[in-house]
Amino acid sequence: MARWKYKKHLLWGLLLVLLILISIPVFHLLKTKYRFQSHNQTTAKGYSNDASQLNATQVHQVIDVPADPIQIKKQLIELLQYAETHKIKVSIAGAQHSMGGHTLYPDGIVLNMLPYKHMQLDPNTNILSIGSGALWQDAIAYLDQYGKSVAVMQAFSNFTVGGSISVNGHGWQQNSPPLSSSVVSFTLLNAKGELIQCSRSENAELFKAVIGGYGLFGVILDVKLKVVDNVALGFKSIAMHPDDFAAQYQQHVSANPKVQFAYGRIRISNKHFFEQASLNYFEQTDQKPASLAAQKAGNQELKRVVFRSSVDSEYGKRLRWDLESTLNHVSPLTTFSRNEILDEHSSLIENQDPNSTDLLHEYFVPKAKLAQFIHDIRPILKDSKVDLLNITIREVNQDQDAMLNYAKTDVFGLVLLFNQGKTADQEREMQRITNLLFDATLKNQGSYYLPYRLHISREKMRLAYPQADAFFALKQKYDPAERFNNKFYQHYR
């Protein structure tokens with residue numbers, strides 16, 4: 001009888017421990033959900049902003065372009081004549097996911113390109129003709145009907161095609177250069193109101209300048225993109241020390257032609273800070289991919305709350321790492337279509353706190369320099385007073401198209417996401433950290449990505465982009481009146 005009572009007490013004790021273990025993360029997630037309830041962050045009338053939520057700018061007017069290909073050209077030609085007569089600058093905007101005022105100019109006209117999103121696939125050439133205002137998610141849904149998929153695009157699908165070309169975005173496709181490699185040609189409306197066809201063989205100088213040119217040479221209208229087959233993919237994940245990432249990537253990704261997507265993560269909780277990493281990749285299977293319509297989305301809000309629970313929380317950062325590590329062991333049992341993987345929305349990590357904003361950085365280093373670069377930035381990030389939320393590692397192959405190319409050789413890009421308070425102190429700290437990270441990047445023969453906050457001086461920028469002066473000279477050649485303008489140009493020219 002005494003033995004049974006002992007066992008009974010032991011079972012109740014184990015049950016209590018189990019309930020406590022479950023209740024702690026549940027309580028933490030519920031607290032996060034309550035703390036960061038949705039707040040509509042509206043931009044004041046007469047102003048425009050971007051994803052940083054730090055660039056509210058009073059503008060002359062925001063103009064929605066027509067959806068019709070004939071009407072848009074007529075409207076924009078008239079608008080440029082109006083802008084010239086009244087000496088008004090013009091900036092070009094899509095989803096406005098850049099963070100340094102690239103789509104803004106004070107008292108300027110902002111062109112909202114989102115309505116312009118026509119699409120037509122040529123199944124014989126596997127080339128998609130698409131309006132520059134289309135979101136990638138629109139293109140993915142359209143191509144899915146034909147068993148096709150986007151060749152190269154960024155991690156989130158709610159960016160515009162034109163915007164991605166303007167920043168020359170890159171994806172996480174295996175052995176792939178940036179987006180420019182999938183661009184066949186595009187139509188450009190220049191500052192004179194002329195329509196120009198740009199490709200590698202026609203107006204090649206403009207082609208190279210406009211790709212990654214941040215809207216400074218004209219309005220991208222109609223784009224032709226290479227597309228690929230939609231296929232079924234299986235997920236795999238490997239845990240390792242960050243020092244071993246490059247070697248593991250070469251073995252499991254670069255040497256495996258079946259791999260289509262790959263990315264890495266570095267642990268950023270104080271416990272085991274920069275001591276653990278994972279390599280995650282998707283490998284083609286023999287299965288037939290399910291259509292997007294047949295695939296049921298998981299609990300997107302739960303994913304967002306788990307991510308947001310790591311903001312300013314050591315416990316949340318540990319919880320997120322542990323949950324993702326556990327999921328990495330379960331996901332190999334699931335098959336995904338290429339389009340399902342690509343069709344991921346930035347709302348998965350959306351910040352709904354009106355008092356803070358999430359800011360991205362990205363630094364590119366030659367593959368052989370990755371381990372040293374990680375060692376160099378570890379103490380900088382460890383001592384930072386801005387909250388680091390995530391580090392992702394992606395491969396980018398050499399870019400031979402864009403004039404302002406950040407991948408001058410095959411590189412790894414480290415994407416850093418920070419949560420920054422909307423205060424002057426936090427802004428100063430972010431600028432300090434950015435410059436320290438940039439210095440570490442230069443030490444390792446690398447470069448940085450230009451769509452983000454303008455915290456690097458024009459002089460230092462040229463250490464990473466020695467071609468910058470030649471780029472800005474082309475701007476003067478093609479648009480001497482600087483009709484197309486933005487805060488990026490004002491800062492770096």
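Predicted model, so just to flag it, every value in this text is computed and none were measured.
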Quiz item: Side chains of Q173 and E395: donor-acceptor distance under 3.5 Å anywhere?
Solution: no
Self-check item: For the student: nearest non-hydrogen atoms of S176 and S181, plus distance
Solution: OG-OG, 4.4 Å
Self-check item: Stepwise side chain to side chain contact (heavy atoms under 4.5 Å, CB included) check, V227 with I127
Solution: CA-CA 6 Å; V227 300; I127 292 177; over 6 Å; no
Quiz item: Atom CG in L189, atom CD1 in I196: separation rounded to 0.5 Å?
Solution: 8.5 Å
Exercise. Show the numbers, then the answer: is there a side chain to side chain contact (heavy atoms under 4.5 Å, CB included) between S254 and N175?
Key: CA-CA 7 Å; S254 300; N175 293 334; 4.2 Å; yes
Quiz item: Does Y489 have its ring centroid less than 6.0 Å away from the ring centroid of F471?
Solution: no
Quiz item: Do S164 and Q154 get their side chains close enough for a donor-acceptor pair, meaning under 3.5 Å?
Solution: yes
Quiz item: Are the charged groups of E427 and K422 less than 4.0 angstrom apart, N to O?
Solution: no
Exercise. Determine the minimum heavy-atom distance between S91 and N485, stating which atoms define it.
Key: CB-O, 3.4 Å
Quiz item: F484 ring centre to K89 NZ or CZ under 6.0 Å, with the angle to the axis within 45°?
Solution: no
Exercise. Take L381 and L437, measure what side chain to side chain contact (heavy atoms under 4.5 Å, CB included) needs, and give me the verdict at the end.
Key: CA-CA 9 Å; L381 295 170; L437 292 169; 4.2 Å; yes
Exercise. Assert yes or no for the condition that the ring centre distance of Y116 to H118 is strictly below 6.0 Å.
Key: yes
Quiz item: Quick one: do E350 and R308 make a salt bridge, cutoff under 4.0 Å?
Solution: no
Quiz item: Looking only at heavy atoms, which two atoms of V184 and S199 are closest? And how far apart?
Solution: O-CB, 3.6 Å
Quiz item: Ion pair present between K475 and D479, side-chain N to carboxylate O less than 4.0 angstrom?
Solution: yes
Practice problem: Give the intermediate values and the outcome of ring pair (Phe, Tyr, Trp, His ring centres under 6.0 Å) for residues F245 and F412. | Solution: CA-CA 10 Å; F245 186 87; F412 281 119; 5.7 Å; yes
Quiz item: Does any donor atom in the side chain of S182 or K226 lie under 3.5 Å from an acceptor atom in the other side chain?
Solution: no
Quiz item: How many angstroms lie between CG in L195 and SG in C198, if you round to the nearest 0.5 Å?
Solution: 10.5 Å
Self-check item: N256 versus E283, side-chain donor and acceptor atoms under 3.5 Å
Solution: yes
Practice problem: Enter the distance from N390:CG to L417:CG here, rounded to the nearest 0.5 Å. | Solution: 6.0 Å
Quiz item: Is it the case that N435 and Q431 place a side-chain donor and acceptor less than 3.5 Å from each other?
Solution: no
Quiz prompt | Within 6.0 Å of CD in Q467, more than 12 heavy atoms from elsewhere | solution = yes
Practice problem: Decide if atom NZ of K487 counts as having more than 12 heavy atoms of other residues, nucleotides or ligands within a radius under 6.0 Å. | Solution: yes
Quiz prompt | S337 side chain reached by N230 side chain, heavy atoms, under 4.5 Å | solution = yes
Quiz item: Are K148 and D229 close enough for a salt bridge, meaning some N to O gap below 4.0 Å?
Solution: yes
Self-check item: 4.5 Å side-chain heavy-atom contact, R458 and R493
Solution: no
Quiz item: Do E205 and Y478 have a side chain donor and acceptor closer than 3.5 Å?
Solution: yes
Quiz item: So, the side chain of N190 versus the backbone of E194: is there a donor-acceptor pair under 3.5 Å, distance only?
Solution: yes
Quiz prompt | Flag for D50-S98: side-chain donor and acceptor within less than 3.5 Å | solution = no
Quiz item: Any side-chain donor paired with an acceptor under 3.5 Å for S278 and N280?
Solution: yes
Quiz item: Is there a donor-acceptor contact under 3.5 Å from the side chain of S149 to the main chain of R338?
Solution: no
Self-check item: Exercise: identify the closest heavy-atom pair between A464 and F438
Solution: CB-CE1, 3.8 Å
Practice problem: Kindly confirm or rule out a cation-pi arrangement of R304 over F307, judged by NZ or CZ under 6.0 Å from the six-membered ring centre and within 45° of its axis? | Solution: no
Quiz item: Quick one: does L414's side chain get under 4.5 Å of E362's, heavy atoms only?
Solution: no
Practice problem: Please report the C-alpha distance between F364 and H170 in whole Å, then the side-chain angles of each, then the deciding distance to 0.1 Å, and finally whether the ring pair (Phe, Tyr, Trp, His ring centres under 6.0 Å) criterion is met. | Solution: CA-CA 12 Å; F364 306 92; H170 69 85; 5.7 Å; yes
Quiz item: Do M461 and H491 have side-chain heavy atoms sitting under 4.5 Å apart?
Solution: no
Quiz prompt | Derivation of the side chain to side chain contact (heavy atoms under 4.5 Å, CB included) call for F186 and Q197 | solution = CA-CA 6 Å; F186 54 81; Q197 293 297 319; over 6 Å; no
Practice problem: Specify the closest pair of heavy atoms between L370 and V365, including all atoms of both residues, with the distance to one decimal. | Solution: CA-CG2, 4.1 Å
Practice problem: Decide whether T392 and R265 meet the rule of one side-chain donor and one side-chain acceptor closer than 3.5 Å. | Solution: yes
Quiz item: Would K208 and D399 pass as an ion pair if we require N to O under 4.0 Å?
Solution: no
Self-check item: D138 side-chain N/O to L135 backbone N/O, donor-acceptor pair under 3.5 Å
Solution: yes
Quiz prompt | Within-4.5 Å side-chain heavy-atom neighbours: Y448 and H361 | solution = no
Quiz item: With side chains defined as the heavy atoms from C-beta onward, is the minimum distance between L360 and Y449 less than 4.5 Å?
Solution: no
Practice problem: Please check if any side-chain donor atom of D312 sits under 3.5 Å from a side-chain acceptor atom of N419, or the reverse. | Solution: no
Quiz item: For the residue pair A139 and I130, what are the closest heavy atoms and their distance?
Solution: CB-CD1, 3.8 Å
Practice problem: Report yes if the side chains of L206 and L474 come closer than 4.5 Å at any heavy-atom pair, otherwise no. | Solution: no
Self-check item: Basic-acidic side-chain contact under 4.0 Å: D439, K460
Solution: yes
Exercise. Without swapping roles, check the side chain of N486 against the backbone of H102 for a donor-acceptor pair under 3.5 Å.
Key: yes
Self-check item: Side chain proximity check, D343 to E340, heavy atoms < 4.5 angstrom
Solution: no
Self-check item: Test side-chain contact (heavy atoms from CB on, under 4.5 Å) applied to Q145 - qualifying residues, sequence neighbours left out
Solution: Y142
Self-check item: Criterion ring pair (Phe, Tyr, Trp, His ring centres under 6.0 Å) on W136 and F159, from CA distance to verdict
Solution: CA-CA 6 Å; W136 290 104; F159 300 170; 9.3 Å; no
Practice problem: Classify the angle between the aromatic ring planes of F472 and F488 as parallel (below 30°), tilted (30 to 60°) or perpendicular (above 60°). | Solution: tilted
Exercise. Anything under 30° is parallel, anything over 60° is perpendicular, the rest tilted; go ahead and classify F282 against F261.
Key: perpendicular
Quiz item: Do you see a donor-acceptor pair shorter than 3.5 Å between the side chains of T103 and Q96?
Solution: yes
